[in-house]
Amino acid sequence: MAGSMVQLNRSPGQPWGFRLQGGKDYGQALQVKKVQPGTPAAGSLLPGDTILSIGGTNARQLTHMQAHQLIKSAPTTLQLTLTRAQSTDFSNIKPKGPVKFSPWKQN
Amino acid sequence: MMGDPYNDGYMEEEEEWDREGLLDPAWEKQQKKTFTAWCNSHLRKAGTGIENIEEDFRNGLKLMLLLEVISGEQLPKPDRGKMRFHKIANVNKALDFIASKGVKLVSIGAEEIVDGNAKMTLGMIWTIILRFAIQDITVEEMTAKEGLLLWCQRKTAPYKNVNVQNFHLSFKDGLAFCALIHRHRPELIDYNNLSKDNPLENLNTAFDIAEKHLDIPRMLDPEDMVNSAKPDERSVMAYVSSYYHAFSGAQQAETAANRICKVLKVNQENERLMEEYERLASDLLEWIRKTKPWLENRTTDNTLPGTRNKLDEFRDYRRKHKPPKLEDKAKLENSFNTLQTRLRLSNRPAYLPTEGKMVSDIANAWKGLEHAEKGFEEWLLSELQRLERLDHLAQKFRHKCEIHEEWSAGKEEMLQSGDFKRCRLNELKAMKKKHEAFESDLAAHQDRVEQIAAIAQELNALDYHDVATVNTRCQRICDQWDRLGQLTVKRREGLEEAERILERIDQLHLEFAKRAAPFNNWMDGAKEDLLDMFIVHTTEEVQGLIDAHEQFKATLGEADKEYSTIVSLAQEVVRLGQQFGLTPPDNPYTTLHAQDITNKWSEVRDLVPRRDQTLQQEMMRQQNNERLRRQFAAKANVVGQWVETQLDAVASIGVQMRGSLEDQLKKLQAFDKAIIGYKPNIDELERYNQEVQEAMIFENRYTQYTMETLRVGWEQLLTAVARNINEVENQILTRDSKGISEDQMNEFRMSFNHFDKNRTRRLEAKEFKACLISLGYKIRDDRQGEADFQRIMSIVDPNSSGYVTFDAFLDFMTRETADTDTAEQVMQSFKILAGDKPFITAQILRQELPPDQAEYCIQRMAPYTGRDAVPGALDYMSFSTALYGESDL
């Protein structure tokens with residue numbers, strides 16, 4: 001699956017500002033869990049983004065700690081390939097009020 | 001004198017007597033004792049204390065220290081000088097700090113504190129108690145005094161002899177204190193033995209226990225409480241607030257510990273399920289990997305016993321080894337679904353098995369196994385049939401060889417004999433005739449040799465296992481046949497050379513020879529036919545053989561006449577010899593004697609009834625086979641019908657929507673029980689089938705069912721029931737954990753079933769879309785609508801299988817109603833246990849959590865490395881995020 005490339009920049013010692021989730025040892029894909037506002041990650045990453053590669057390394061093979069160390073040890077720039085998260089907010093199309101089955105409704 | 005935050009009705013009342021300087025001396029005495037103890041309960045944390053409240057705060061130093069301890073904040077550096085203005089400056093720093101916390105100190109001046117004004121000092125300390133110990137108490141949005149009072153009322157409500165209405169008289173008999181302790185720590189106090197009539201004893205009991213077990217120093221004097229008409233309200237409030245802080249803190253810790261336990265249990269169970277899945281998957285894949293090559297190997301050792309053995313092995317595989325593995329496979333799929341449901345419910349991301357152990361990998365491996373198995377049994381049976389036929393052919397070969405070898409024995413020696421060079425003419429003539437007869441005999445045997453060679457060739461073509469012996473024997477016969485031909489030619493040349501000299505005829509012998517030879521040949525043929533081996537599969541075929549035999553028997557009368565004629569010719573020679581008193585010479589025209597013909601004829605006649613018997617036995621065997629076919633068919637038709645009916649019934653349960661999920665579950669469990677109870681019928685059928693196979697019966701026209709189709713149907717039934725039970729259980733799990741009502745559940749089910757047209761218990765994308773629309777989702781018929789729908793699909797079908805299960809559908813419809821844990825909630829819970837510190841110790845964990853969960857945490861928590869770390873400090877923050885497979889970067 002081709003993903004989109006993102007580059008983050010930070011000053012030395014500053015945290016990237018996002019929370020990582022998953023890894024091979026958890027039996028889960030590496031994902032962005034949440035993003036702190038006002039940090040290098042803000043605006044570039046979204047909660048739910050799946051990380052396909054870190055720098056040039058394929059992320060599918062990494063344990064959580066391996067990925068964690070790889071990202072942590074990046075100096076001031078970090079390149080990630082991502083599958084963009086899809087919004088899980090459906091409030092605009094959800095029915096208002098209790099759900100009733102109405103078989104006559106159709107497009 | 002007080003600031004705005006306390007400007008409620010309660011405070012106004014106090015201002016009255018303050019302004020008039022009417023502090024009751026008894027109250028002042030109580031306040032001094034209580035406030036001193038209260039201050040010391042905080043100052044001891046800084047390793048100090050006071051003895052005289054109006055004296056010890058005069059220089060402002062301990063006052064500043066007290067404020068630092070209770071606020072946890074740093075005050076400006078105090079002046080160290082001993083002059084009066086230094087003291088005033090320090091007291092002012094303390095008062096400024098209090099003012100900075102939003103409290104207006106209207107009538108308290110630094111000078112009065114420095115001068116040791118008792119009333120002012122007590123007022124100031126009360127302000128501090130109110131601001132730092134009571135203001136933060138909030139119970140249902142009420143503040144300070146009301147909140148504290150409400151807390152006392154709620155906690156003492158179950159105690160009939162306690163009625164808290166205020167902070168003075170209501171506490172006078174001491175029972176209220178005892179009740180507060182008993183309510184939170186029932187093991188500390190024997191409440192039932194207390195009496196309203198022993199106030200002094202009650203107060204002492206409560207204060208002792210609070211001091212010893214709750215770390216709350218004695219602040220009130222029991223004698224004062226009992227003796228004053230109305231105990232000092234402020235003193236009682238200061239003391240009760242210490243109870244509140246001791247207990248509400250404990251309660252918070254308990255809630256926090258419960259939350260952590262709940263989350264850890266979910267995690268441990270999920271880890272166990274993942275391990276179980278991986279283990280089951282590995283085992284199953286390993287078994288398939290080992291079993292497949294055996295099924296793919298379509299070779300036998302080419303013998304009947306070896307091949308029969310292989311059929312037994314296959315039967316074992318199909319009846320004993322494969323069914324439990326199929327169960328494992330179903331179990332694996334079910335535990336995968338359960339795990340995903342659990343992960344979804346506990347807000348964890350979906351579980352991805354190790355590469356190569358996905359559900360689809362297992363399904364593929366299983367498919368590979370079934371593919372390898374396909375046709376194995378048919379192949380094995382046809383192989384058996386082939387080998388049986390070969391065996392029969394080989395016997396026929398040996399039988400023909402024996403006959404031929406018997407005939408050819410001694411012929412070479414005879415042909416090489418030089419007898420015709422030493423005999424008289426008439427004998428020579430006879431010899432020549434004899435040789436001619438031999439030549440025709442030889443020609444007659446040509447067919448037999450060719451038959452032998454043809455059979456040998458067929459055995460070669462069919463790859464008979466002992467073909468070497470066959471070929472050697474055939475070669476020997478053919479070689480000898482060639483030699484016989486050459487020798488015959490040679491001898492004929494010798495005889496013809498001498499024929500011109502010798503001539504003599506014996507009519508009688510000639511006639512005998514003419515008749516005996518063909519008759520003898522005919523008898524050889526008849527003998528061979530009577531001993532002919534056969535292989536048949538139906539009664540009709542046996543009947544054909546019996547008919548042929550009857551036809552043969554009808555010709556016996558004519559043959560018997562021919563036999564009499566031949567024998568009478570020989571008897572005539574004997575009679576003539578006797579009549580003329582001479583020894584009759586040997587018949588020169590034939591090697592046959594009358595006795596040979598007689599013997600052979602009697603052999604043929606003996607063989608006829610034996611053939612009758614053989615054919616009758618075969619007829620009986622075929623009739624028995626027919627019975628076995630009918631027996632199997634009758635049972636198979638009943639079982640087949642039953643299995644099909646059950647399959648339909650199980651499939652319709654999920655669709656009918658009659659009754660609750662529990663009802664469905666009960667129904668399915670009843671089916672499960674009924675099916676287990678039906679198993680003996682399958683076993684019975686397996687026994688019939690084995691009888692059929694052992695009788696080598698390959699076709700059965702009385703039923704459309706084969707054992708294999710019934711086994712497959714039976715397994716489908718077992719799997720379908722187990723799967724349906726699992727689905728319903730998962731739905732119950734989802735329903736209960738999300739609190740979905742029965743009505744709401746029915747709406748979801750009705751819409752889902754309506755669109756599940758082919759009753760597969762899952763929807764295709766198109767059907768699912770229609771279903772959402774029917775439930776009121778606004779999915780537009782344009783690009784935006786398609787994008788919305790694809791987003792929904794990525795949630796309900798994360799593996800892109802193209803289908804949506806009811807479980808996933810249900811989860812989607814109710815995803816916002818679930819109460820889920822997050823890493824933040826767990827972190828917050830640990831923070832409460834850790835007393836707001838950013839780290840926690842093993843000791844606290846062992847104190848607050850059950851032993852196995854405490855050890856689970858201790859083993860996994862990394863050391864805390866912050867600047868404020870103490871020895872043994874553990875990092876609960878990274879642990880909490882790690883529980884959800886998360887970490888901060």
Side-chain angles (χ1 to χ4, degrees), chain A residues 1 8 10 15-36 39-41 45 48 50 54 60-61 63-65 67-74 78 83 85-107, chain B residues 270-271 274 277-278 339 343 348-355 357 741 743-744 746-752 754-755 769-782 784-785 787-795 812-816 822-824 878 881-882 884-889:
Chain A
M1 195 190 308
L8 304 183
R10 66 169 173 185
W16 293 113
F18 68 94
R19 180 175 293 175
L20 183 70
Q21 178 181 43
K24 199 180 157 196
D25 46 335
Y26 285 94
Q28 296 161 3
L30 282 165
Q31 285 191 327
V32 176
K33 176 70 176 183
K34 64 181 198 182
V35 179
Q36 302 289 349
T39 62
L45 301 184
T50 302
I54 302 164
R60 182 73 170 92
Q61 302 305 320
T63 65
H64 184 84
M65 273 326 279
H68 179 96
Q69 288 303 334
L70 206 55
I71 295 171
K72 209 174 169 185
S73 62
L78 175 64
T83 306
Q86 296 198 319
S87 163
T88 55
D89 177 17
F90 297 108
S91 49
N92 56 332
I93 57 170
K94 258 186 68 165
K96 312 281 178 257
V99 172
K100 289 299 285 181
F101 174 47
S102 317
W104 54 88
K105 278 189 194 163
Q106 39 185 291
N107 262 351
Chain B
N270 287 347
E271 282 171 18
M274 287 184 204
Y277 175 86
E278 294 279 336
L339 182 57
L343 286 171
R348 269 73 153 182
Y351 166 55
L352 287 179
T354 318
E355 266 185 292
K357 289 182 195 157
S741 71
D743 284 351
Q744 190 68 89
N746 279 338
E747 292 295 327
F748 294 149
R749 177 176 295 289
M750 210 149 64
S751 58
F752 190 89
H754 178 81
F755 291 99
K769 189 172 175 182
C771 178
L772 285 177
I773 291 166
S774 79
L775 285 168
Y777 269 76
K778 292 184 207 68
I779 301 173
R780 300 209 307 256
D781 195 12
D782 57 12
Q784 178 58 44
D788 286 339
F789 181 63
Q790 285 311 323
R791 279 197 296 136
I792 296 176
M793 281 304 283
S794 72
I795 288 172
F812 175 76
M813 294 306 293
T814 55
R815 55 206 297 272
E816 275 131 76
T822 66
E824 264 63 34
S878 65
T881 52
Y884 292 84
E886 300 168 6
S887 66
D888 286 321
L889 281 160

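Naming: A, B, ... by sequence-line order, numbering from 1 per chain.
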Side chain, backbone, both or neither: which part of [X] has a non-hydrogen atom closer than 4.5 Å to chain A?
X	answer
B:Leu343	neither
B:Ser887	both
B:Gln790	backbone
B:Ala787	neither

Under 4.5 Å from any heavy atom of chain B - which part of [X]:
X	answer
A:Gln69	neither
A:His64	side chain
A:Lys33	side chain

Among A:Val32, A:Leu20, A:Thr39, find the one that has a side-chain contact (heavy atoms from CB on, under 4.5 Å) with B:Leu889.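 Exactly one pass, corresponding to A:Leu20.
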Between A:Arg19 and B:Asp888, what is the shortest heavy-atom contact and its length?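 Looking at all heavy atoms of both residues, the shortest contact is NE-OD1, 2.8 Å.
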Against chain B, work out which of A:Lys24, A:Arg60, A:Gln31, A:Lys34 has the most heavy-atom pairs shorter than 4.5 Å and name it.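 Answer, by heavy-atom pair count under 4.5 Å with chain B: A:Lys34.
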